[in-house]
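We use all heavy atoms of the structure for the numbers below, so side chains are in, but hydrogens, waters and symmetry mates are not. Each chain gets a letter, A, B and so on, in the order the sequences are listed, and its residues count up from 1. None of the values given here were measured: they were computed from a predicted structure.
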Amino acid sequence: MVQLVDFSKSTVNSFSQSLAVPVAAAPSSTLLTNFGLFVTQGGNVLLNATIGMQSVGGSPILMFILARNGTPIFTIQTQISSAGDFEDVTFSYVDTNIPTGYYSYTMSVSLVNSAAVNAANVVGPADFSGLSMG
Amino acid sequence: MAQIIDFGKNVPSSFSQTTSFSVQVLPNSTILGQFGLNVAAGGSALLQATVGLQNTGGTPGADCIYTIVRNGAAIFSIRAGGIPAEVFDGVSFSYMDSGLPAGYYAYGLTVSAFTGAAPPNVVGPLVFSGMSLLM
């Protein structure tokens, strides 16, 4: 039987419009959340992320990056269509083939189109959780 | 070893275009789902929701705010942008609730449309679930 080995989460804020964190333009990125998780050899890690965004200028293209011990393991891009628009961003990923150990998982976001005309804020919520199964 | 303590769900609709009801405009709200969940002391609850929408009212479409409540108190909210007329949209989010005293909790999901634009219809699917975890 599959067993739950560990779980963890990191929540910056759980309500909409409870913060306003500007997104850094690539090649920089804005670190949103991180947590530690114990993983066993041959196990699976189910990662779930939800972020509330708002365009504060133009039509920003955002790249969300999940990393394990600093190495990117997953990216996804989304575009907010026009200034002032709100966007619910949610994604999940299953991380596999990891040696046994305690890992740091991080979620960050980067603005990938022109920062001269595009801008976005993280307005909340920002929630990132992981389930380690073995 | 971590354990799954309980699992609760409310899945009134699994397919697109299998239901149709309007999202109420603020300050009113529409209940999308609710379930009971047993949570252990110091435990966590991983909550997930997926809602299928269509704007059948016109452009511009109203923004919607989704709220998760635990025993009637709001614990999470997220605002999603409006959608143009006749356009479909799938909205999902997840949240891990934690730091709870042991007990049996009522989790609910509600949505409200902002004023001044066309509120969307919920057209399915409609899925709200919670997994109670303990280290």
Side-chain angles (χ1 to χ4, degrees), chain A residues 1-19 33 35 37-40 43 45-55 59 78-93 107 120-134, chain B residues 1-7 26 40 42-51 53 59-70 73-84 87 89-99 111-114 116-117 127 129-135:
Chain A
M1 189 170 81
V2 174
Q3 286 197 300
L4 196 59
V5 174
D6 194 10
F7 65 91
S8 190
K9 72 140 188 186
S10 176
T11 303
V12 180
N13 224 316
S14 55
F15 292 101
S16 180
Q17 293 168 274
S18 57
L19 65 161
T33 69
F35 59 77
L37 194 67
F38 186 72
V39 181
T40 54
V45 176
L46 174 61
L47 301 164
N48 283 302
T50 292
I51 310 101
M53 302 294 305
Q54 186 182 24
S55 165
S59 306
T78 188
Q79 183 164 26
I80 307 177
S81 50
S82 54
D85 281 7
F86 288 86
E87 181 93 345
D88 157 22
V89 179
T90 296
F91 48 89
S92 63
Y93 178 63
M107 173 169 70
N121 277 357
V122 179
V123 295
D127 185 84
F128 181 37
S129 64
L131 251 56
S132 169
M133 293 163 284
Chain B
M1 192 67 79
Q3 281 190 305
I4 298 175
I5 302 294
D6 193 12
F7 186 79
L26 282 170
S44 300
L46 178 59
L47 307 164
Q48 296 187 296
T50 297
V51 184
L53 299 169
T59 299
D63 285 11
C64 285
I65 185 139
Y66 298 84
T67 305
I68 297 178
V69 297
R70 184 207 323 120
I75 56 166
F76 172 92
S77 65
I78 190 163
R79 180 170 176 170
I83 43 177
V87 170
D89 194 19
V91 175
S92 290
F93 43 89
S94 62
Y95 175 63
M96 192 180 270
D97 194 17
S98 59
V111 60
S112 299
F114 282 79
V127 182
S129 70
M131 185 160 36
S132 170
L133 308 168
L134 179 66
M135 274 311 290

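Using a 4.5 Å cut-off between heavy atoms, Leu133(B) touches chain A through backbone and side chain atoms alike. Heavy atoms of Ser55(A) lying under 4.5 Å from chain B are absent altogether. No part of Asp85(A) comes within reach of chain B, as not one of its non-hydrogen atoms sits under 4.5 angstrom from that chain. Neither the backbone nor the side chain of Gln54(A) has a heavy atom closer than 4.5 Å to any heavy atom of chain B. Looking at Asp127(A), only its side chain comes within 4.5 Å of chain B, counting heavy atoms on both sides. Heavy atoms of Leu46(B) lying under 4.5 Å from chain A belong exclusively to its side chain. Contact annotation for Ile80(A): neither backbone nor side-chain heavy atoms come within less than 4.5 Å of a heavy atom of chain B.
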For the pair Ser77(B) and Thr67(B), evaluate side-chain hydrogen bond (donor to acceptor under 3.5 Å, both in side chains) and give the outcome as yes or no after the intermediate values. CA-CA 4 Å; Ser77(B) 65; Thr67(B) 305; 5.2 Å; no
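To the nearest 0.5 Å, the span separating SG on Cys64(B) from CZ on Phe114(B) amounts to 8.5 Å. Once rounded to the nearest 0.5 Å, the distance linking OG of Ser44(B) with CE of Met135(B) reads 9.5 Å.
Comparing Gly81(B), Ala80(B), Ser92(B), Ser98(B) by heavy-atom pairs within less than 4.5 Å of chain A, the highest count is held by Ser92(B). Comparing Ser16(A), Ser129(A), Ser132(A) by how many heavy-atom pairs each has under 4.5 Å with chain B, the most go to Ser16(A).
Side-chain atoms of Phe76(B) and Phe93(B), non-hydrogen and from C-beta on, do get closer than 4.5 Å to each other.
A salt bridge is defined here as a Lys NZ or Arg NE, NH1 or NH2 lying under 4.0 Å from an Asp or Glu carboxylate O, and Asp97(B) with Arg70(B) meets this definition.
Using a 3.5 Å distance cut-off with no hydrogens or angles, the side chains of Ser59(A) and Ser81(A) do not pair a donor with an acceptor. When only modelled atom types and interatomic distance are considered, Asn13(A) and Thr11(A) share no side-chain donor-acceptor pair under 3.5 Å.
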